[in-house]
> 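I am attaching a structure below and will ask some questions about it afterwards.
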Amino acid sequence: MSLTTPHKQSISHKRVRGQHHKQDHHYLKAYHPYLPLLLLVIVGLAINIFWTSQTKVLGATTAVSTVQLLQASNAERASNHEQNVILNSELSAAAQAKANDMVGRNYWSHNTPDGQTPWTFIKSSGYSYQLAGENLAYGFSDAPSVVTGWMNSPEHRANILNNGYQDVGFGIASADNFQGKGRATVVVAMYAAPQSSQAVLGAATSDAGPYRTVSRVQMFTGGSAPWSFAVLGALTVLAAAIFLLRHALAWHKLLVRGEAFVLHHKTIDLVILSLILLGVIMTRTTGFIG
């Protein structure tokens with residue numbers, strides 16, 4: 001009969017307790033499904049950063065002019081079977097005065113801080129109007145984008161396409177830190193019909209109503225689908241919920257129930273995450289209208 005001494009038993013027991021689990025390939029494979037997903041997130045963020053840096057705001061060197069704004073506006077009117085508006089020097093002076101005032105006093109509103117309406121600027125320019133309207137914008141990359149931004153709002157769109165307007169004026173002014181958002185250029189459009197006009201019955205004035213942000217997806221649709229932001233935003237939230245639920249269940253099986261970390265249909269995860277990134281990127285704000 002062989003005997004084992006208590007001393008040797010103690011040593012053997014300590015050796016077993018002192019062993020550690022090696023983090024080998026088998027141990028780390030639970031994280032493998034996340035590697036392509038992480039790479040996809042990095043690529044998506046890089047695209048968003050690059051896009052933002054390229055179209056952050058209208059700067060002083062941006063090629064935007066009253067001529068481009070007029071051409072883009074009349075292109076929209078022609079597409080909707082309306083007559084062109086004509087660039088008017090008095091309305092241009094009024095719009096420029098309003099743009100300068102907004103930049104100089106750093107406000108974003110149809111009315112000035114002391115309560116003056118847009119029509120005050122039009123009257124001061126010497127233009128006698130029977131019907132008038134105003135659109136505002138900042139943050140867009142070029143003149144066509146400004147007009148496309150306006151076309152994404154029913155109220156701003158109505159001003160551009162109003163068949164009562166005959167004349168238009170544009171004002172453009174830049175600021176180093178407009179509304180605390182950095183360098184930006186404010187664009188003011190003033191539309192009107194002269195007092196002597198026979199095309200408009202009754203005197204009226206209108207501004208564009210609420211202030212809005214315009215997203216990239218709305219710009220992509222060219223103003224034909226203002227609802228695209230809400231739809232894409234809802235789909236993005238739904239996709240994110242599905243993705244989080246799917247992976248939460250997988251990790252619950254691993255950490256709580258001790259089952260193997262298995263995620264089938266990895267392609268589905270890539271598709272879902274791609275949709276989430278697309279939604280996040282395309283719903284970013286590209287400009288502001290008022």
> Taking the side chain as every heavy atom from C-beta outward, state whether Y129 and L91 have any pair of such atoms under 4.5 Å apart.
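Side chain of Y129 against side chain of L91, heavy atoms only: no contact under 4.5 Å found.
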
> Is a side-chain N or O of H156 found less than 3.5 angstrom from the main chain of G290, in a donor-acceptor match?
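It does hold such a pair.
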
> With a 4.5 Å heavy-atom cut-off, do L131 and Y165 have their side chains touching?
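The answer is yes, as the side chains (C-beta and beyond) meet within the 4.5 Å cut-off.
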
> Which atoms form the tightest heavy-atom contact between I122 and A132, and what is the distance?
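Reported closest heavy-atom pair: CD1-CB, 3.9 Å.
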
> What distance separates D101 CG from N106 CG, expressed to the nearest 0.5 Å?
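Rounded to the nearest 0.5 Å, the CG-CG separation comes to 11.5 Å.
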
> Does any part of the side chain of L69, heavy atoms only, come nearer than 4.5 Å to the side chain of V146, both counted from C-beta?
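Counting from C-beta outward, V146 and L69 do come under 4.5 Å.
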
> Between V147 and F140, is there a side-chain heavy-atom distance shorter than 4.5 Å?
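No; the side chains remain at least 4.5 Å from each other.
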
> Heavy-atom distance under 4.5 Å between the side chains of L136 and V186, does that happen here?
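No, every pair of side-chain atoms sits at 4.5 Å or beyond.
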
> Could you tell me if the side chain of Q179 sits less than 4.5 Å from the side chain of Y138, heavy atoms only?
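Result yes, sub-4.5 Å side-chain heavy-atom pair found.
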
> Output the distance between atom NZ (K98) and atom OG1 (T120), rounded to the nearest 0.5 Å.
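So the gap between those two atoms works out to 9.5 Å.
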
> Drop me the distance from S65's OG to Q71's CD, to the nearest 0.5 angstrom.
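Going from OG on S65 over to CD on Q71, the span is 7.0 Å.
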
> List the steps and the verdict of side-chain hydrogen bond (donor to acceptor under 3.5 Å, both in side chains) for Q96 and N100.
CA-CA 6 Å; Q96 189 61 55; N100 292 341; 3.0 Å; yes

> Output every pair passing salt bridge (charged side-chain N to carboxylate O under 4.0 Å, His left out) with a member in residues 107-130, not counting sequence neighbours, ordered by first then second residue.
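Found R105-D114.
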
> How many angstroms lie between OG in S145 and CD in Q68, if you round to the nearest 0.5 Å?
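Between S145 OG and Q68 CD, I get 10.5 Å after rounding to 0.5 Å.
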
> Using every non-hydrogen atom in the two residues, find where A95 and G169 come nearest and quote the distance to one decimal.
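Here A95 and G169 meet closest at CB-O, 3.7 Å.
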
> Within the side chain of N74, is there an N or O that forms a donor-acceptor pair under 3.5 Å with the backbone of V85?
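Yes: the side chain of N74 pairs with the backbone of V85.
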
> Using modelled atom types and a 3.5 Å cut-off, is there a donor and acceptor pairing between side-chain atoms of Q166 and backbone atoms of P194?
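Pair absent, no side-chain N/O of Q166 close to backbone of P194.
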
> Does the side chain of Y107 reach to within under 4.5 Å of the side chain of T112, using non-hydrogen atoms?
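Side-chain contact under 4.5 Å: yes.
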
> Closest heavy-atom contact between S174 and T185?
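Looks like OG-OG1, 2.7 Å.
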
> Does anything in residues 77-95 pair up under side-chain hydrogen bond (donor to acceptor under 3.5 Å, both in side chains), and if so which pairs, sequence neighbours excluded?
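Pairs touching residues 77-95 that pass the test: none.
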
> Is there a salt bridge (charged side-chain N to carboxylate O under 4.0 Å, His left out) between E76 and R157 once you walk through the steps?
CA-CA 9 Å; E76 295 291 352; R157 180 188 181 95; 5.7 Å; no

> Hey, any chance W150 and V67 share a hydrophobic cluster, counting ILVMFWY side chains that come within less than 4.5 Å of each other, even indirectly?
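No, separate clusters.
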
> Would you give the length of the straight line joining atom CG of N135 to atom OG of S153, rounded to the nearest 0.5 angstrom?
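Taking CG in N135 and OG in S153, the distance rounds to 8.0 Å.
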
> Is there side-chain contact between F170 and M190, with heavy atoms separated by less than 4.5 Å?
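No, too far: nothing below the 4.5 Å cut-off.
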
> Atom CH2 of W119 and atom CD of E134: how far apart are they, to the nearest 0.5 Å?
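If we round to the nearest 0.5 Å, W119:CH2 and E134:CD are 6.0 Å apart.
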
> Which residue pairs satisfy the salt bridge (charged side-chain N to carboxylate O under 4.0 Å, His left out) criterion with at least one member in residues 167-177, sequence neighbours excluded?
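Every salt bridge (charged side-chain N to carboxylate O under 4.0 Å, His left out) pair that includes a residue of residues 167-177, provided the two are not neighbours, is D176-R183.
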
